[in-house]
Amino acid sequence: MRGLSIAADERRAGDGLVFSLMVLLAGASIAMSLMPIVRSDLQAHFGFSEAQIGLLTSVFNLTFALGSLPAGMAVARWGGRTLAFSIILTVVGGVLFAFSRSYPGFVVGRLLQGLGGSAFLPVGTHLFSHHLRPERQARALGVFGSGYGLGVVSALLIMPSIEKAGGFRAVFLASAAIMVVLGAFAFFQDSVRAPISRSETREPFGAVLRDTARMALNRRLLLLVLVNIGVMAVVVGILAWTPAFLQDQRQSSAAVAAYLTAGVGVAQLLGSVAGALAMTKLSKPVVLLASITIMCVVTALAPVVPGAGWAIALVVVAGFLTMVMFPAVMGSVPDTVPPKHVGSATGFLNLTNLVATFLAPWVFGVLLGRYGTGPGQGGYLAGYLWLAAFPFMGIGAATAFMLARKRG
């Protein structure tokens, strides 16, 4: 009976850890999703161009990627306590954006928000590998990944009303307040506050750097990187520009466009769980290849189908597939590196997202400026084809990853 009680306590502690990290990831997803909501208000007050709005999304993703590798190394020394610094940065970035009156101030605010959110993935995978039994980790990744969708839904259903009442400043202050609450909840978990054991801190920092550098030569990890870049380009690009597309070419209102795009968040919530279930029936490479192939097709078709309904349906399918792949991508990392390097490898994976998350929304905005945004103009067609090029590249990488796994 005592053994059953201990097992039940471990399960409750594990569930608390997974849920707290999931809602933290939702907080980062809220911050990532704010630019489409405040776009019109910023343009009305400051006259920002489409490219400038796109850059405010890209700079968030820049530090979200760049900060993940040092966060992955930091968690090996400080464990879940690494999250304290990250949460502070996220809150400060939101407050700074809210009170800024010039474009450089907005850029710095977004940089800080992205840097703060960069720790959540490497810290999460590290804590799961140290505090959860292996048979529970696929489920944990599925729940954890659903935080992306939860954040999108929360941002696109709640924030438009806040924006209407108080403008962009109220939106960013609300996002900062949300992160304060979620961070406090995370630190109620013993496994988040627990220090790293002595045996885990003895490796010299130089050795950690050398091990991290070797990841850049790990062929299977690099193939996984290319697949993940394809996923991230689509998820960031469609969330940044689909509301504007629906307004400019499908005559939807700003609020309706945001609410329709919230369907992407719902799809992501379901997709992450579906991905975890899929891995119980199919191999991870099969899940990766099938999902990224369909994702490429629906992204390319989104700007050419008639009406808002078909367009949003294809975008929702793309969003669903991005999170179907999340547990498969994250769950494949331990298959490519030794256990002690899982956190750093996840940080490396997220770092390389920079290729997609910085370029995808920014170049999309540049294409809109070059080819036009109105009905009959080709800016959005060029933009969505640009996004589809990333998963097209990922199809080849997923195929090679599958073949490499079969060869052992």
Side-chain angles (χ1 to χ4, degrees), residues 20-39 41-42 53-68 71 83-100 105-124 144-160 162-163 166-186 232 235-241 243 258 261-262 264-265 268 350 353-354 357-358 360-362:
S20 67
L21 293 178
M22 182 270 284
V23 294
L24 273 181
L25 192 59
S29 182
I30 288 173
M32 186 182 292
S33 305
L34 294 180
M35 294 316 301
I37 297 166
V38 302
R39 168 198 178 214
D41 193 34
L42 287 173
I53 296 295
L55 187 59
L56 288 175
T57 297
S58 292
V59 295
F60 177 99
N61 296 320
L62 171 68
T63 48
F64 190 85
L66 290 177
S68 60
L83 291 174
F85 185 59
S86 299
I87 291 165
I88 290 170
L89 286 178
T90 306
V91 172
V92 170
V95 172
L96 177 61
F97 194 102
F99 289 105
S100 292
F106 294 128
V107 169
V108 174
R110 292 296 278 170
L111 286 170
L112 291 177
Q113 281 187 307
L115 186 61
S118 68
F120 299 149
L121 279 178
V123 171
F144 180 49
S146 68
Y148 274 121
L150 179 62
V152 173
V153 171
S154 300
L156 296 179
L157 291 181
I158 298 171
M159 292 301 183
I162 295 176
E163 191 274 338
F168 74 91
R169 302 188 192 281
V171 168
F172 276 83
L173 287 175
S175 71
I178 288 169
M179 187 56 69
V180 170
V181 174
L182 299 181
F185 176 72
M232 292 305 299
V235 70
V236 171
I238 62 175
L239 289 175
W241 288 113
T261 311
V264 175
Q268 288 178 318
N350 204 38
N353 286 341
L354 176 63
T357 55
F358 182 75
W362 177 48

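Computed over heavy atoms, backbone and side chain alike; hydrogens, waters and symmetry mates excluded.
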(request) Using modelled atom types only, decide if a donor and an acceptor are shared between the side chain of S175 and the backbone of F172 within a distance under 3.5 Å. (result) yes

(request) To the nearest 0.5 Å, tell me how far L56 CG sits from R39 CZ. (result) 13.0 Å

(request) Check whether any side-chain heavy atom of L62 lies under 4.5 Å from a side-chain heavy atom of L111, and answer yes or no. (result) yes

(message) I need the L34 CG to S29 OG distance, nearest 0.5 Å.
(response) 9.5 Å

(request) Determine yes or no for a side-chain-to-main-chain donor-acceptor pair under 3.5 angstrom, with D41 supplying the side chain and G167 the backbone. (result) no

(request) Calculate, to the nearest 0.5 Å, the distance between atoms CE and CD1 belonging to M35 and I37 respectively. (result) 10.0 Å

(request) Take L24 and F185 through the side chain to side chain contact (heavy atoms under 4.5 Å, CB included) test and state the conclusion after the steps. (result) CA-CA 9 Å; L24 273 181; F185 176 72; over 6 Å; no

(message) Quick check: closest heavy atoms across M22 and L150, and the distance to 0.1 Å?
(response) SD-CD2, 3.7 Å

(message) Does any part of the side chain of L173, heavy atoms only, come nearer than 4.5 Å to the side chain of I162, both counted from C-beta?
(response) no

(message) Please find the pair of heavy atoms, one from P361 and one from W241, that lie closest to each other, and give the distance.
(response) O-NE1, 3.0 Å

(request) Output the distance between atom CZ (R169) and atom CD (E163), rounded to the nearest 0.5 Å. (result) 12.5 Å

(message) If you define the side chain from C-beta out and look only at heavy atoms, does anything of W362 sit under 4.5 Å from T57?
(response) no

Ignoring hydrogens and angles, write down the donor-acceptor pairs under 3.5 Å from the side chains of residues 89-99, residues two or more places apart or on other chains.
unit_1	atom_1	unit_2	atom_2	d
T90	OG1	S86	O	2.9

(request) For residues P122 and S118, report the shortest heavy-atom separation together with the two atoms involved. (result) CD-O, 3.4 Å

(request) Kindly indicate whether the side chain of M159, heavy atoms from C-beta on, has any atom under 4.5 Å from the side chain of I30. (result) yes

(message) Counting only heavy atoms not in F85 (residues, nucleotides, ligands), do more than 12 fall under 6.0 Å from its CZ?
(response) no

(request) Using a 4.5 Å cut-off on heavy atoms from C-beta on, say whether the side chain of T63 contacts that of V59. (result) no

